Amino acid sequence: MILLQKYFCLRKFGTALLLVISLMQALYGQMDSTLASQDSLVVKDQTFTIDDFFGHILTHHPLVRRANLFDDLAFQDLRMARGMLDPIAQSDFAIKDYKGTRYYQTWDSRLKIPMWFPIDLEVGYERNNGNFLNPEQQNTEDGLVYAGFSIPIGRGLFIDQRRAAIRQARLMQDLAEADQVKEINKLLFDAAKSYWDWYYAYQEYEIISEIEDAALLRYNGVVRQVINGDVAPFDSLKAFINYQERDNQRLQAQLDLENARLAVSVFLWAGTEEEETNVLPLELAENTWPVLGESEAVNIEVLAALQELAMEAHPELQKITAKFQQTEIDRRLALEFLKPQIDLKYNFLSETVSELRPSNGNGNGNGNDQPFFFNDYTAGVQFYFPLFLRKERGKLAQTNIKLEQLYFEQSYQRQLIANGVLTTYNTLENLAEIIDQQTRMVDYYSQLLNGELRKFEFGESSIFLINTRETELLDARIKLLKLQTQREKTNAELYYEAGVPNLSLTATDTDGIE
């Protein structure tokens with residue numbers, strides 16, 4: 001009986017387990033179909049330009065979307081700093097009864113309104129009673145209404161901590177913008193290098209495939225010549241070995257191309273309609289290829305404009321400028337703390353709100369011919385001054401040292417940026433000259449190969465010489481391709497060194513992407 005019960009229990013458990021597994025499979029199947037619909041990037045005309053690439057990154061990449069939130073964070077910092085000027089409502093109530101005796105009952109409600117200028121306005125209502133009430137707290141049966149202000153006439157008159165905090169929070173927005181440009185530029189620069197690595201791998205594969213096809217065609221021709229008795233069988237072996245070498249090179253180029261495509265796919269993302277924060281990685285479709293557009297020559301006028309822009313709006317220099325201004329605010333605040341603290345406080349008192357107005361000299365108003373400020377009031381003066389000022393003088397010395405450090409850092413960064421722009425420009429100019437020479441070299445090697453092929457047709461050359469000329473042409477074409485991709489990387493590096501937002505490329509939307 002017990003065995004039967006265990007059997008039925010296991011059977012029920014197994015049925016439930018199978019049901020759970022079926023549901024999970026259905027769920028994962030649905031997720032896989034969703035991911036499969038977004039795991040490739042389909043581009044019109046089967047081309048994917050660098051502008052389309054950058055536009056897609058600026059629209060969908062999670063790091064770009066993260067960088068775009070820097071402004072929101074800075075705004076929230078400013079909002080928190082402005083909270084120091086928020087009106088404050090406060091109410092204090094206390095009561096004590098002991099053995100049937102009301103010792104005291106106090107109630108004080110007030111509204112305090114901080115101002116941008118060093119004045120705090122205050123209005124409130126106070127009502128106290130009891131048998132053992134402190135004489136200072138005694139007032140009328142209906143309570144007292146008071147209104148007044150407090151103002152510092154020493155420390156805090158020109159600047160205080162709340163005004164300094166708000167001004168520094170405003171400067172945090174400049175820091176956020178600089179960080180945003182810096183992070184996006186770094187991402188785009190890395191993406192540009194990956195894109196041109198992909199272009200190099202794609203073109204290298206095309207070149208080697210073209211050479212392999214020529215080697216296979218040549219091998220078939222040599223075989224026919226061997227059959228006809230025009231050449232020795234040994235030549236067919238040389239031609240076959242050359243074809244095998246080209247095939248091995250093609251396989252290696254194919255592997256490099258696949259890896260380069262994966263490296264580009266790291267920068268491709270797509271958002272989902274369900275949640276704005278949910279993003280999915282994409283992969284390049286197999287029928288897409290990179291394009292080498294017509295890059296504009298960077299002349300001396302463009303260099304001068306980039307240098308001027310770098311000295312004015314480079315993210316690193318903008319950050320240092322903002323830090324300069326923040327530290328200058330700290331220095332002003334530290335200077336303010338060298339003054340003695342003298343705070344004045346004054347409150348008008350009245351049993352009713354209507355009496356809180358000046359006398360008109362005819363016995364009306366507050367019912368007293370005395371001036372309003374000297375009738376029914378509380379006032380006070382608070383004085384505070386540390387005799388040695390060691391803390392305050394130390395704070396001031398610290399801010400002066402920080403300003404000096406920022407000055408040295410700014411000088412170094414300006415020189416570093418200027419040298420980076422000029423060095424990259426010189427490299428770009430040198431690459432342009434080398435590319436022109438290498439282009440002519442490719443043409444020369446192509447002429448040599450064509451001449452060698454014609455000589456071979458007349459029996460005046462050999463497979464060895466043809467392979468040699470072909471290898472020289474292949475090396476020259478690969479070298480030219482490497483120089484061209486290096487030029488494009490250096491061009492992106494020039495705008496990156498100058499700190500130009502988005503590397504001067506227009507943040508186009510993904511119009512070419514379906």
Side-chain angles (χ1 to χ4, degrees), residues 35-67 182-209 248-272 278-293 295 424 427-428 431 477-497 502-510 512-514:
L35 293 175
S37 63
Q38 298 184 354
D39 64 351
S40 62
L41 188 67
V42 181
V43 184
K44 293 180 179 179
D45 299 330
Q46 296 180 335
T47 60
F48 197 34
T49 65
I50 186 69
D51 290 343
D52 293 334
F53 185 42
F54 275 23
H56 192 81
I57 292 174
L58 291 172
T59 305
H60 300 292
H61 200 283
L63 291 184
V64 173
R65 298 169 70 176
R66 170 181 173 269
K182 179 181 177 181
E183 184 162 333
I184 294 178
N185 277 4
K186 179 64 171 61
L187 177 65
L188 292 180
F189 183 47
D190 293 339
K193 291 188 289 186
S194 296
Y195 180 88
W196 294 118
D197 287 338
W198 175 38
Y199 174 82
Y200 173 81
Y202 178 82
Q203 293 297 329
E204 182 186 34
Y205 176 79
E206 293 292 320
I207 292 173
I208 293 177
S209 297
N248 290 337
Q249 290 177 332
R250 181 190 61 81
L251 292 176
Q252 181 61 44
Q254 183 178 2
L255 175 62
D256 295 340
L257 176 59
E258 292 176 356
N259 292 335
R261 292 169 62 87
L262 291 176
V264 171
S265 299
V266 172
F267 298 93
L268 298 177
W269 296 77
T272 60
N278 191 11
V279 291
L280 295 175
L282 299 178
E283 292 183 5
L284 281 171
E286 294 182 358
N287 61 340
T288 59
W289 60 77
V291 179
L292 179 63
S295 57
T424 309
T427 304
L428 200 59
L431 281 173
R477 292 180 65 181
I478 295 298
K479 184 176 181 180
L480 176 60
L481 176 63
K482 186 176 296 185
L483 289 171
Q484 290 173 338
T485 55
Q486 183 62 33
R487 177 190 60 191
E488 299 302 325
K489 289 181 181 180
T490 306
N491 187 65
E493 184 181 2
L494 177 63
Y495 289 94
Y496 175 73
E497 292 289 342
N502 299 337
L503 304 187
S504 80
L505 297 177
T506 305
T508 57
D509 199 355
T510 54
I513 301 173
E514 292 181 347

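From a predicted model like this one, the values you see are computed outputs, not experimental measurements.
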A.B. asks: What pair of heavy atoms forms the shortest contact from I184 to A67, and how long is it?
C.D. replies: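 Reported closest heavy-atom pair: CG1-CB, 3.9 Å.
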A.B. asks: For D197, which residues count as a salt bridge (Lys or Arg N to Asp or Glu O under 4.0 Å) partner, sequence neighbours excluded?
C.D. replies: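 K489.
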A.B. asks: Any side-chain heavy-atom pair from T427 and L431 closer than 4.5 angstrom?
C.D. replies: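 Yes. Closest side-chain heavy atoms under 4.5 Å.
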A.B. asks: I'd like to check the side chain to side chain donor-acceptor pair (under 3.5 Å) partners of E183; sequence neighbours left out, ordered by chain and number.
C.D. replies: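 E183: side chain to side chain donor-acceptor pair (under 3.5 Å) contacts with R66.
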A.B. asks: What are the two closest non-hydrogen atoms of V64 and L187, and how far apart are they?
C.D. replies: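 What the structure gives for the nearest pair is CG2-CD2, 3.4 Å.
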A.B. asks: If we only count heavy atoms from C-beta on, is the T47 to W289 side-chain gap below 4.5 Å?
C.D. replies: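 Side-chain contact under 4.5 Å: yes.
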A.B. asks: Testing the basics here: between P281 and W269, what is the closest heavy-atom pair and its distance to 0.1 Å?
C.D. replies: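 For P281 and W269, the tightest heavy-atom pair comes out as N-CE3, 3.6 Å.
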A.B. asks: Return the set of residues passing side-chain contact (heavy atoms from CB on, under 4.5 Å) with E206 (not counting sequence neighbours), or none when no residue passes.
C.D. replies: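 E206: side-chain contact (heavy atoms from CB on, under 4.5 Å) contacts with Y202.
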A.B. asks: Assess whether side chain to side chain donor-acceptor pair (under 3.5 Å) is satisfied between D256 and Q252, documenting all intermediate values.
C.D. replies: CA-CA 6 Å; D256 295 340; Q252 181 61 44; 3.2 Å; yes
A.B. asks: Under the side chain to side chain donor-acceptor pair (under 3.5 Å) rule, collect the residues that match up with D190, sequence neighbours excluded.
C.D. replies: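 Partners of D190 under the side chain to side chain donor-acceptor pair (under 3.5 Å) test: K186.
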A.B. asks: What distance separates E286 CD from Q46 CD, expressed to the nearest 0.5 Å?
C.D. replies: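 It is 11.5 Å, given to the nearest 0.5 Å.
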A.B. asks: How many angstroms lie between CD1 in I478 and CD1 in I207, if you round to the nearest 0.5 Å?
C.D. replies: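 Taking CD1 in I478 and CD1 in I207, the distance rounds to 4.5 Å.
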A.B. asks: Could you walk me through whether Q484 and E488 satisfy the side-chain contact (heavy atoms from CB on, under 4.5 Å) test, starting with their C-alpha distance in whole Å, then the side-chain angles of each, then the deciding distance to 0.1 Å, before giving a yes or no?
C.D. replies: CA-CA 6 Å; Q484 290 173 338; E488 299 302 325; 5.9 Å; no
A.B. asks: How long is the gap from OG1 on T288 to CZ on R261, to the nearest 0.5 Å?
C.D. replies: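 Output value for this atom pair is 4.5 Å.
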A.B. asks: Can you list the residues that meet the side-chain contact (heavy atoms from CB on, under 4.5 Å) rule with K482, with sequence neighbours excluded?
C.D. replies: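 Result, side-chain contact (heavy atoms from CB on, under 4.5 Å) vs K482: Y200.
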A.B. asks: List for me each residue that meets salt bridge (Lys or Arg N to Asp or Glu O under 4.0 Å) alongside R477, sequence neighbours excluded, and say none if there are none.
C.D. replies: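 Counting only residues at least two positions away or on another chain, R477 forms a salt bridge (Lys or Arg N to Asp or Glu O under 4.0 Å) with E210.
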A.B. asks: Test of understanding: with side-chain contact (heavy atoms from CB on, under 4.5 Å), list the residues that count as partners of A191, not counting sequence neighbours.
C.D. replies: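 For A191 the side-chain contact (heavy atoms from CB on, under 4.5 Å) partners, ignoring immediate neighbours, are F53, F54, I57, F267.
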A.B. asks: Mind checking what makes ring pair (Phe, Tyr, Trp, His ring centres under 6.0 Å) contact with Y496, not counting sequence neighbours?
C.D. replies: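 In terms of ring pair (Phe, Tyr, Trp, His ring centres under 6.0 Å), with neighbours along the sequence ignored, Y496 is linked to F189.
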A.B. asks: Take atom NZ of K193 as the centre, draw a 6.0 Å sphere, and report whether it contains more than 12 heavy atoms from other residues, nucleotides or ligands.
C.D. replies: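 More than 12 heavy atoms, drawn from other residues, nucleotides or ligands, come within 6.0 Å of this atom.
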A.B. asks: Going from CZ on F48 to CG on L268, what distance comes out if it is rounded to the nearest 0.5 angstrom?
C.D. replies: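 If I round to the nearest 0.5 Å, the distance is 5.0 Å.
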A.B. asks: Mind checking the OH-OG1 spacing from Y195 to T49? Nearest 0.5 Å is all I need.
C.D. replies: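 Nearest 0.5 Å value for the OH-OG1 distance: 6.0 Å.
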A.B. asks: Minimum heavy-atom separation for L257 to A201, with atom names?
C.D. replies: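 Smallest interatomic distance, heavy atoms only, reads CA-CB, 3.7 Å.
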A.B. asks: Flag the pair T490 / W196 as yes when at least one side-chain heavy-atom distance between them is below 4.5 Å, and no otherwise.
C.D. replies: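 No. Closest side-chain heavy atoms not under 4.5 Å.
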A.B. asks: Got H56 and D52 here, is their nearest side-chain heavy-atom distance under 4.5 Å?
C.D. replies: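 In short, these two side chains do not touch, never coming nearer than 4.5 Å.
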A.B. asks: For Q249, what residues pass the side chain to side chain donor-acceptor pair (under 3.5 Å) criterion, not counting sequence neighbours?
C.D. replies: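 If we apply the side chain to side chain donor-acceptor pair (under 3.5 Å) test to Q249, skipping adjacent residues, the hits are R246.
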A.B. asks: Would Q203 and L480 count as a side-chain contact (heavy atoms from CB on, under 4.5 Å) if you check the C-alpha gap in whole Å, the side-chain angles of each, and the deciding distance to 0.1 Å?
C.D. replies: CA-CA 11 Å; Q203 293 297 329; L480 176 60; over 6 Å; no
A.B. asks: Check salt bridge (Lys or Arg N to Asp or Glu O under 4.0 Å) between E493 and all other residues, then give those that pass, not counting sequence neighbours.
C.D. replies: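 None.
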